[in-house]
There are 2 protein chains.
Amino acid sequence: METENTKAPKNDPAGQAQMRKGVLEFCILCILSEKDAYPSEIIDAMKESKLIVVEGTLYPLLMRLKNEGRLAYEWKESTSGPPRKYYRLTPAGKDLLKELYASWSELVGSVEQIVKKYSSNIL
Amino acid sequence: METENTKAPKNDPAGQAQMRKGVLEFCILCILSEKDAYPSEIIDAMKESKLIVVEGTLYPLLMRLKNEGRLAYEWKESTSGPPRKYYRLTPAGKDLLKELYASWSELVGSVEQIVKKYSSNIL
DNA sequence: ATTTACTACTATGTATTGCAAGGTATTAAA
DNA sequence: TTTAATACCTTGCAATACATAGTAGTAAAT
């Protein structure tokens with residue numbers, strides 16, 4: 001009897017959305033390690049590296065990191081619109097950044113090893 | 001008023017579980033591109049590259065890929081136990097492998113760019 | 001002064017994946 | 001017949017990315 005509890009994905013051509021899970025968090029912490037920034041700035045910085053993030057993704061992520069004590073923020077006035085929430089890394093946030101960097105490096109190492117070892121004919 | 005709709009993660013020290021989303025699928029297809037294999041073989045191959053996968057993750061994934069037409073399988077006798085399900089890549093599976101490789105390469109490129117550009121003091 | 005446009009932040013619901021935990025079934029040996 | 005080993009399968013939960021929609025402040029135009 002065939003089990004049919006697994007459906008085809010909806011709108012994720014080549015698993016791009018799934019692959020970036022956990023990576024966005026790392027990238028955001030990277031960007032904030034350079035200087036404080038407000039959400040729209042972060043989105044622009046990610047876009048420059050071809051990592052598209054939308055508000056619906058970024059805001060909950062920042063909120064979660066703040067609740068975990070990894071980030072803090074302060075309101076600052078803007079010359080062209082409503083005030084902005086500038087986020088900055090806390091010491092705990094810097095710790096997380098280091099841990100995520102280690103995890104990322106390890107993951108890349110493992111995957112590259114598998115690619116080289118097993119997949120001799122991808123192209 | 002503070003919104004408190006985001007809880008701290010449970011048991012994922014440095015986002016390792018989240019980072020591998022979509023990556024396991026890619027690695028499994030890589031391994032199967034070399035030769036047909038049954039689940040335990042795949043788990044062992046992954047383990048050699050320090051990518052731990054458990055049955056509860058692998059079986060649903062293989063099932064899903066089969067339902068999508070990316071994999072096929074055939075039963076084979078074993079000299080030391082019950083018969084095994086040997087999985088192999090279908091043409092559609094090879095296509096997916098190429099796409100996932102492109103996605104992976106792109107992702108690594110983007111993240112590395114951000115790491116180099118923004119995070120000058122991770123260590 | 002009211003409307004409009006722009007910027008910025010927030011909330012809700014859905015889809016997908018990884019995993020722990022437990023279960024079923026076949027084979028071979030004690 | 002029981003036990004151990006191997007192999008496959010299912011269920012329920014946790015977590016993240018995203019689409020979508022909503023709220024609100026500021027500035028410019030009418």
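Each chain gets a letter, A, B and so on, in the order its sequence line appears, and its residues count up from 1.
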Does OP1 or OP2 of [N] have a side-chain N or O of [X] closer than 4.0 Å?
X: B:T57; N: C:dC19; answer: yes
X: A:Y59; N: C:dC9; answer: yes
X: B:Y38; N: D:dC8; answer: no
X: A:S40; N: C:dA8; answer: yes
X: A:K21; N: D:dC18; answer: no
X: A:R20; N: D:dC18; answer: yes

* From the options B:K47, B:K35, B:K76, B:K85, select the one residue that forms a salt bridge (Lys or Arg N to Asp or Glu O under 4.0 Å) with B:E41. => B:K35
* 5' precedence on DNA chain C between A:P83 and A:G56 (nearest-nucleotide basis) -> A:P83
* Structure fact -> Closest to the 5' end of DNA chain C, once A:G81 and B:P82 are matched to their nearest nucleotides, is A:G81
Return the value, rounded to whole Å, for the distance between atom [atom1] of [X] and atom [atom2] of [N].
X: B:K76; N: D:dT6; atom1: NZ; atom2: C1'; answer: 18 Å
X: B:R64; N: C:dA15; atom1: CZ; atom2: C1'; answer: 12 Å
X: A:E68; N: D:dA15; atom1: CD; atom2: P; answer: 10 Å
X: A:L51; N: D:dC18; atom1: CG; atom2: P; answer: 10 Å
X: B:L24; N: C:dT17; atom1: CG; atom2: P; answer: 11 Å
X: B:L61; N: C:dG18; atom1: CG; atom2: C1'; answer: 9 Å
X: A:R84; N: C:dA8; atom1: CZ; atom2: C1'; answer: 9 Å
X: B:I43; N: D:dT6; atom1: CD1; atom2: P; answer: 13 Å

* Asked: Are A:Y86 and A:Y73 close enough that their ring centres sit under 6.0 Å apart?
  -> no
* Asked: Between the base of D:dC8 and the side chain of B:E55, is there any donor-acceptor pair under 3.5 Å?
  -> yes
* **Electrostatic pair B:R64-B:E68, nearest N-O below 4.0 angstrom** => yes
* Going by atom types alone, do B:W104 and A:Q16 pair a side-chain donor with an acceptor below 3.5 Å? -> no
* Between B:Y86 and A:V23, who's closer to the 5' end of DNA chain D by nearest nucleotide? -> B:Y86
* **A:L65 and A:E25, any side-chain heavy atoms less than 4.5 Å apart** => yes
* Just checking B:S78: base, sugar-phosphate only, or nothing, at a heavy-atom cut-off of under 4.0 Å? -> nothing
